[in-house]
Amino acid sequence: MNDAVLTLLLTVITAVIAYVGNVIAKNDKARTVFNVLEPLARDAVIASQKLGVTEYLSGAVKKNHAVQSVIKALSDAGFSIKDKQAIENAIEKAYAEQKELLAQYPQKEKE
């Protein structure tokens with residue numbers, strides 16, 4: 001029974017990935033956004049962390065600053081992103097992947 005469920009799940013996942021890949025391949029603009037989102041998120045997370053060196057910022061404020069930075073950069077490049085959740089996910093992923101680098105920027109404590 002478990003093998004059948006696993007096979008069905010893998011088939012569904014493969015179909016979804018193939019469909020999404022096909023849609024992205026057909027849409028150059030979506031592919032461009034997809035390709036630039038990760039580096040933009042990484043840079044925005046670092047910039048937000050650096051802001052916390054000189055003034056106290058909560059984690060939520062730093063995340064919001066990073067999200068707004070990515071939205072502005074995409075907007076300045078002529079892209080309109082309606083799915084803010086995708087940007088938030090990219091920010092969270094960038095933060096998780098850069099914890100060691102971010103630790104180099106000691107954060108100002110709340111007074």
Side-chain angles (χ1 to χ4, degrees):
M1 179 95 175
N2 286 339
D3 289 339
V5 171
L6 182 59
T7 301
L8 177 63
L9 182 60
L10 289 175
T11 303
V12 169
I13 289 173
T14 302
V16 168
I17 290 171
Y19 173 76
V20 169
N22 190 21
V23 169
I24 289 174
K26 289 181 181 179
N27 188 336
D28 287 339
K29 199 169 191 177
R31 188 170 13 145
T32 301
V33 170
F34 181 77
N35 288 337
V36 300
L37 187 56
E38 190 171 315
L40 282 175
R42 184 178 55 245
D43 292 347
V45 165
I46 292 170
S48 294
Q49 187 75 2
K50 286 181 178 180
L51 285 175
V53 171
T54 57
E55 63 183 285
Y56 171 77
L57 298 174
S58 69
V61 170
K62 286 190 278 187
K63 178 181 175 184
N64 186 53
H65 180 271
V67 168
Q68 295 306 315
S69 295
V70 171
I71 289 171
K72 181 173 181 348
L74 289 172
S75 176
D76 289 350
F79 297 105
S80 151
I81 302 296
K82 294 186 170 111
D83 185 7
K84 189 176 175 185
Q85 187 62 50
I87 294 172
E88 290 177 354
N89 291 345
I91 294 295
E92 289 172 6
K93 179 181 178 206
Y95 178 79
E97 290 176 346
Q98 300 184 98
K99 280 193 172 185
E100 287 182 30
L101 173 66
L102 298 176
Q104 296 176 22
Y105 304 106
Q107 300 296 286
K108 184 163 182 151
E109 296 294 321
K110 188 175 185 178
E111 295 177 5

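From a predicted model like this one, the values you see are computed outputs, not experimental measurements.
- Residues Ile91 and Ala66 come closest through the heavy atom pair CD1-CB, 3.7 Å.
- For the residue pair Leu37 and Ala90, the shortest heavy atom distance occurs at CG-CB, 3.8 Å.
- At a threshold of 4.5 Å between side-chain heavy atoms, the hydrophobic network of Ile, Leu, Val, Met, Phe, Trp and Tyr places Val45 and Tyr105 in one connected group.
- Residue pairs meeting the salt bridge (Lys or Arg N to Asp or Glu O under 4.0 Å) criterion with at least one partner in residues 7-23, sequence neighbours excluded, do not occur; the list is empty.
- Heavy atoms of other residues, nucleotides or ligands lying less than 6.0 angstrom from CD of Glu100 number 12 at most.
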Can I get a per-line list of side-chain donor-acceptor pairs under 3.5 Å for residues 58-65, giving both atom names and the distance, sequence neighbours left out?
{"from": "Ser58", "atom 1": "OG", "to": "Val61", "atom 2": "N", "distance (Å)": "3.2"}
{"from": "Lys62", "atom 1": "NZ", "to": "Gln49", "atom 2": "OE1", "distance (Å)": "3.4"}
{"from": "Lys62", "atom 1": "NZ", "to": "Gln107", "atom 2": "OE1", "distance (Å)": "2.8"}
{"from": "Lys63", "atom 1": "NZ", "to": "Glu92", "atom 2": "OE2", "distance (Å)": "2.5"}
{"from": "His65", "atom 1": "ND1", "to": "Ser48", "atom 2": "OG", "distance (Å)": "2.8"}

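- Rounding to the nearest 0.5 angstrom, the gap separating the CD1 atom in Ile46 from the CD atom in Gln98 is 4.0 Å.
- With sequence neighbours excluded, the residues satisfying salt bridge (Lys or Arg N to Asp or Glu O under 4.0 Å) with Lys93 are Glu38, Glu97.
- Taking NZ from Lys72 and CG from Leu40, the interatomic distance works out to 12.0 Å, rounded to the nearest 0.5 Å.
- Note on Tyr95: it clusters hydrophobically with Ile87, by side-chain heavy-atom contacts below 4.5 Å among ILVMFWY residues.
- Between the CG atom in Leu102 and the NZ atom in Lys50 there is a gap of 10.0 Å [rounded to 0.5 Å].
- In this structure, Val53 and Lys108 approach most closely via the heavy-atom pair O-CB, 3.8 Å.
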